[in-house]
Amino acid sequence: MAKKKNEAPLTGITVSKEEDFSAWYTELITKAELADIRYNIKGFVVYREWATITIKKMYAKYEELLEKNGHLPLIMPSLIPESNFLLESEHVEGFAPEVFWVTEAGSSGKLNEKLALRPTSETALYKMYALWIRSYKDLPFKRYLSCQVWRYEGKMTRPFFRGREFHWIEAHDVFSTMEGAEEQVKEDMEVTYKMIQDEFGIPIIFFERPQWDKFSGAQKTFAADALMGSGKVLQLPSTHLLGQNFAKPFNVKFVDKDGEEKYGYQTCYGPAISRIYGAMIAHLGDGKGLILPFDIAPVQIVIIPILFKNKEQIVLEKANEIFDELKEKFIVKIDDSDKSMGSKFYYWELKGVPIRIEVGPKDVEKNQVVVVKRHDGQKFFVEENDLKEFIENIATNYTKEIKEKSVVDFESQIEVAYEKDAAIEAINNGKIVCCGFCSIDRASEHWAEVVENDMGGLVRCKRVDEEKNEFATCLICGKPAGCTVYIAKSY
RNA sequence: GGGAGGGUGGUCUAGCUUGGUAUGAUUCCUGGUUUGGGACCAGGUGGCCGGGGGUUCAAAUCCCCCCUCUCCCA
């Protein structure tokens with residue numbers, strides 16, 4: 001960050017999001033008091049009150065929908081014995097480099113068996129699943145946990161986006177057939193659209209990841225990429241078809257109708273709420289600070305009394321009246337601190353409170369108030385008698401409005417490329433490239449490395465919502481194309 | 001994984017080259033005057049100068065190690 005010298009710190013944001021995203025994001029985090037990065041372990045940050053309230057609400061929404069879809073909650077230990085962890089070899093290989101290990105305890109010193117701080121909970125849960133699942137009548141078996149996980153990230157960390165500890169939900173489901181598992185993957189994707197796009201206002205597209213980029217131990221991985229504008233994408237939730245890859249080593253078996261013992265078919269789904277929060281504030285925020293969806297804002301309405309000498313009393317009385325009228329349905333706050341009016345405006349805009357109500361002496365005289373919407377700055381003079389209905393109306397539409405504004409026209413960001421040079425140019429122009437590619441099997445991994453090195457983009461791979469294959473040859477190796485893929489820069 | 005730059009009251013910082021009482025602003029607290037888009041006056045609180053070691057009569061400053069943050073590139 002380019003530090004400003006000798007400048008009194010204002011509460012507001014001083015750099016534009018478009019000109020310097022990193023500096024903007026850092027200022028937002030600090031000044032809106034979302035995270036405190038002064039906790040002295042690399043990659044670990046403190047989530048402050050304002051962020052925590054919203055994150056808890058996001059969890060609640062997600063959990064409600066998962067439970068509606070038949071999931072039950074669990075709380076699992078955060079330590080996993082090494083012997084569990086080693087059972088599925090591909091999984092171990094993928095996660096081993098990132099695991100925090102607990103090797104010592106108390107004054108007695110070294111532990112007999114080292115314990116992993118869970119980087120994800122498959123190897124903790126499936127041991128238990130093997131004990132709990134007995135019959136086809138137990139299936140489908142759908143459980144989820146809301147927890148934190150630890151991964152020793154080598155990449156640059158950034159609050160909420162990427163840390164060595166993050167907060168997520170993981171759902172782990174078992175089915176008697178492969179078809180059941182495949183249906184679950186589709187349900188996971190629907191849930192993702194509903195939450196991320198409709199509730200949190202972030203536009204996404206699902207891709208089937210290539211074999212070399214899938215979840216370690218999965219048969220297939222489907223991952224949502226958030227479209228962050230300017231062609232860059234950010235991976236958000238992914239859902240994984242595990243098939244019987246884990247069921248066999250963990251012995252997740254059931255007795256079927258025909259009396260035979262069979263292995264279950266599994267899926268897992270992992271929305272990282274902390275990262276979704278980061279993506280949300282980054283995507284929706286503006287030069288004034290946060291913009292939040294209505295339901296998950298820590299404060300939904302702030303009432304600001306404008307206090308003139310000798311008229312404080314009538315204004316405060318009116319403000320309290322309005323507060324009482326709205327507090328049943330909404331989270332309302334009166335800011336009657338002795339700061340000046342203007343600095344209160346800036347402060348609550350920074351905090352992303354969706355609705356501001358101003359009450360001044362003039363308003364009291366006219367039996368009206370001033371209502372301002374945070375996300376578009378629209379200002380209304382509202383008759384006192386109409387206020388409740390007016391606010392309810394804003395509340396209903398607020399999130400829809402910010403979603404519509406934030407939906408990126410995906411098609412306009414795509415550029416079809418038949419030549420590598422054209423593709424490189426398109427990537428450099430901030431486009432997502434659509435092109436032919438040899439295949440998504442491991443054999444093609446080195447061609448993806450070529451893409452990364454020569455083009456600066458990553459193969460996000462096959463789009464889930466289309467099945468086209470219109471390219472004759474692979475853009476990179478020139479052999480017949482096996483599929484149509486998308487290539488984009490990534491955060 | 002590679003590179004660059006930082007860490008001094010809560011925050012932003014001056015001082016470091018050339019070692020010698022820690023600089024200013026802001027926040028916060030007290031009192032007063034104010035208030036339709038970042039108010040003002042007066043007084044006050046607040047520092048193991050990121051941590052450890054070394055050199056020195058003397059270290060924020062010089063040397064070594066560590067921690068941590070930010071940014072850029074793969």
Side-chain angles (χ1 to χ4, degrees), chain A residues 1-15 19-46 48 97-98 152-165 232 287-289 302-316 318-319 335-351 353 356-366 368-374 377-382 424 427-428 448-458 489-491:
Chain A
M1 180 173 62
K3 275 187 184 160
K4 304 260 168 24
K5 302 267 177 183
N6 290 322
E7 199 171 283
L10 288 167
T11 41
I13 312 258
T14 59
V15 294
E19 274 171 35
D20 189 346
F21 174 79
S22 287
W24 174 84
Y25 187 75
T26 308
E27 270 202 49
L28 180 70
I29 297 291
T30 318
K31 292 192 166 169
E33 295 176 303
L34 305 177
D36 201 321
I37 54 173
R38 293 173 296 182
Y39 195 82
N40 53 341
I41 305 175
K42 186 176 167 55
F44 289 71
V45 297
V46 177
R48 295 212 52 187
E98 301 193 336
Y152 192 78
E153 278 282 355
K155 285 188 175 180
M156 192 186 75
T157 58
R158 196 195 286 275
F160 303 115
F161 273 103
R162 182 181 288 118
R164 288 180 171 177
E165 174 179 49
K232 270 201 178 184
K288 288 179 168 177
V302 64
I303 301 171
I304 301 190
I306 296 162
L307 303 167
F308 282 86
K309 207 179 172 182
N310 300 325
K311 292 185 179 171
E312 294 95 337
Q313 209 50 41
I314 52 163
V315 170
L316 279 173
K318 184 58 70 186
D335 186 350
D336 56 359
S337 64
D338 55 7
K339 289 187 290 188
S340 74
M341 183 208 65
S343 72
K344 289 180 192 174
F345 287 1
Y346 282 104
Y347 178 78
W348 292 109
E349 280 166 354
L350 174 68
K351 291 285 200 178
V353 172
R356 176 174 83 228
I357 298 177
E358 305 168 18
V359 189
K362 278 189 238 164
D363 302 315
V364 176
E365 270 170 39
K366 294 186 199 165
Q368 64 166 32
V369 292
V370 178
V371 175
V372 182
K373 281 197 289 174
R374 168 66 180 90
Q378 263 191 293
K379 191 169 180 171
F380 308 92
F381 295 89
V382 184
I424 292 172
I427 289 278
N428 287 334
E449 283 164 14
V450 172
V451 168
E452 194 176 343
N453 291 330
D454 294 0
M455 297 173 58
L458 290 174
K489 281 194 180 174
S490 147
Y491 276 108

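All values below come from the heavy atoms of this structure, side chains included, with hydrogens, waters and symmetry mates left out. Numbers restart at 1 for each chain; the letters A, B, ... are given by sequence-line order, proteins then strands.
Residues passing the side chain to side chain donor-acceptor pair (under 3.5 Å) test with Asp454(A), sequence neighbours excluded: Lys420(A). Lys155(A) meets the side-chain contact (heavy atoms from CB on, under 4.5 Å) test with Glu153(A), Arg162(A); sequence neighbours excluded. Partners of Tyr39(A) by ring-ring contact (aromatic ring centres under 6.0 Å, His included), not counting sequence neighbours: none found. Judged as a side-chain contact (heavy atoms from CB on, under 4.5 Å), and not counting sequence neighbours, the contacts of Pro305(A) are Leu307(A), Val315(A), Leu316(A), Ala319(A), Ile334(A), Asp336(A). For the ring-ring contact (aromatic ring centres under 6.0 Å, His included) test, residues two or more places apart in sequence or in another chain that qualify with Tyr25(A) are Phe21(A), Phe161(A). Applying the ring-ring contact (aromatic ring centres under 6.0 Å, His included) test to Phe380(A) and every residue at least two apart in sequence or in another chain returns Phe390(A).
Annotation for Phe44(A): atom CZ counts as buried by contact number, over 12 foreign heavy atoms lying within 6.0 Å.
Using a 4.0 Å heavy-atom cutoff across all strands shown, Glu358(A) reaches at least one base atom of the nucleic acid. Among the atoms of the strands shown, none is found under 4.0 Å from any heavy atom of Lys155(A). Among the protein residues, Glu33(A) comes within range of no part of the nucleic acid, since none of its heavy atoms lies under 4.0 Å from any strand.
Atom CZ in Phe161(A) sits roughly 13 Å away from atom P in U70(B) (whole-Å rounding). G37(B) atom C1' lies 15 Å from atom CG of Leu350(A), rounded to whole Å. With rounding to whole Å, Lys311(A) atom NZ is found 14 Å from U34(B) atom P. When rounded to the nearest whole Å, the span between CE of Met156(A) and P of C72(B) equals 6 Å. Rounded to whole Å, atom P of U33(B) lies 15 Å from atom CG of Leu307(A). In this structure, Glu365(A) places its CD atom 16 Å from P of G36(B), rounding to the nearest Å. Rounded to a whole Å, the CD1 atom of Ile304(A) is 13 Å from the P atom of G36(B). One atom, NZ of Lys31(A), and another, P of G10(B), lie 18 Å apart when rounded to the nearest Å.
Distances shown here put every side-chain N or O of Arg158(A) at or beyond 4.0 Å from the OP1 or OP2 atom of U70(B).
No hydrogens or angles were tested; on distance alone, a donor-acceptor pair under 3.5 Å links the side chain of Arg356(A) to the base of G37(B).
Position along RNA chain B of the nearest nucleotide to Glu452(A) versus Val359(A) favours Val359(A) as the more 5'-ward residue.
Minimum atom distance to the side chain of Arg38(A) is reached by G10(B), of the listed A74(B), G10(B), C72(B). Closest to the Lys288(A) side chain, of the nucleotides U70(B), G37(B), U35(B), is G37(B). Comparing U35(B), G37(B), G36(B) by their closest approach to the side chain of Lys362(A) singles out G36(B). With G36(B), U70(B), C71(B) as the candidates, the nucleotide lying closest to the side chain of Asp363(A) is G36(B). Among the nucleotides G36(B), U34(B), C71(B), the one closest to any side-chain atom of Ser22(A) is C71(B).
Going from the P atom of U45(B) to that of G6(B) covers 34 Å, rounded to whole Å. To the nearest whole angstrom, the two C1' atoms, one in G15(B) and one in G20(B), are 13 Å apart. Only the C1' atoms considered, G31(B) is 22 Å distant from A25(B), to the nearest whole Å. Here the separation of G46(B) from G32(B), taken at their C1' atoms, is 24 Å to the nearest Å. A distance of about 16 Å separates the P atoms of C66(B) and G1(B), rounded to the whole Å. Nucleotides G51(B) and A60(B) are separated by 11 Å at their P atoms, to the nearest Å. As rounded to the nearest Å, U27(B) and C12(B) have C1' atoms that lie 11 Å from one another. Remark: the separation of the C1' atoms in G37(B) and G50(B) is 39 Å, to the nearest Å.
Identified under the salt bridge (charged side-chain N to carboxylate O under 4.0 Å, His left out) test for residues 338-349 of chain A, with sequence neighbours left out: Lys288(A)-Glu349(A), Glu349(A)-Arg356(A).
In this structure, U11(B) forms a base pair with A25(B), meeting either the Watson-Crick or the G-U wobble geometry with both donor-acceptor distances under 3.5 Å. The partner of G20(B) is C57(B), judged by Watson-Crick or G-U wobble contacts that both fall below 3.5 Å. Under the Watson-Crick or G-U wobble criterion, with both distances below 3.5 Å, G5(B) is paired with C69(B). Searching all strands for a Watson-Crick or G-U wobble partner of A42(B) with both distances below 3.5 Å returns U30(B). When both distances must be under 3.5 Å, the Watson-Crick or G-U wobble mate of C48(B) does not exist. With a cut-off of 3.5 Å on both Watson-Crick or G-U wobble distances, the partner of A74(B) is given as none.
The heavy-atom pair separating Glu358(A) from Val372(A) by the smallest distance is OE2-CG2, 3.7 Å. Summarising the geometry of Ile306(A) relative to Pro361(A), their closest heavy-atom pair is O-CD, 3.5 Å, with the distance given to 0.1 Å. Here the shortest heavy-atom pairing between Thr30(A) and Thr26(A) reads OG1-O, 2.6 Å.
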Under 3.5 Å, which protein N or O atoms sit close to an N or O of nucleotides 39-50 of chain B? Give each pair with its distance.
from, atom 1, to, atom 2, distance (Å)
A39(B), OP1, Ser340(A), OG, 3.1
A39(B), OP2, Ser340(A), OG, 2.4

Polar atoms only, N or O, under 3.5 Å: list the protein pairs with nucleotides 66-69 of chain B and their distances.
from, atom 1, to, atom 2, distance (Å)
U68(B), OP1, Lys42(A), N, 3.2
C69(B), OP1, Gly43(A), N, 3.3

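Going from atom CD1 of Ile357(A) over to atom CG of Asp335(A) covers 13.5 Å, rounded to the nearest 0.5 Å.
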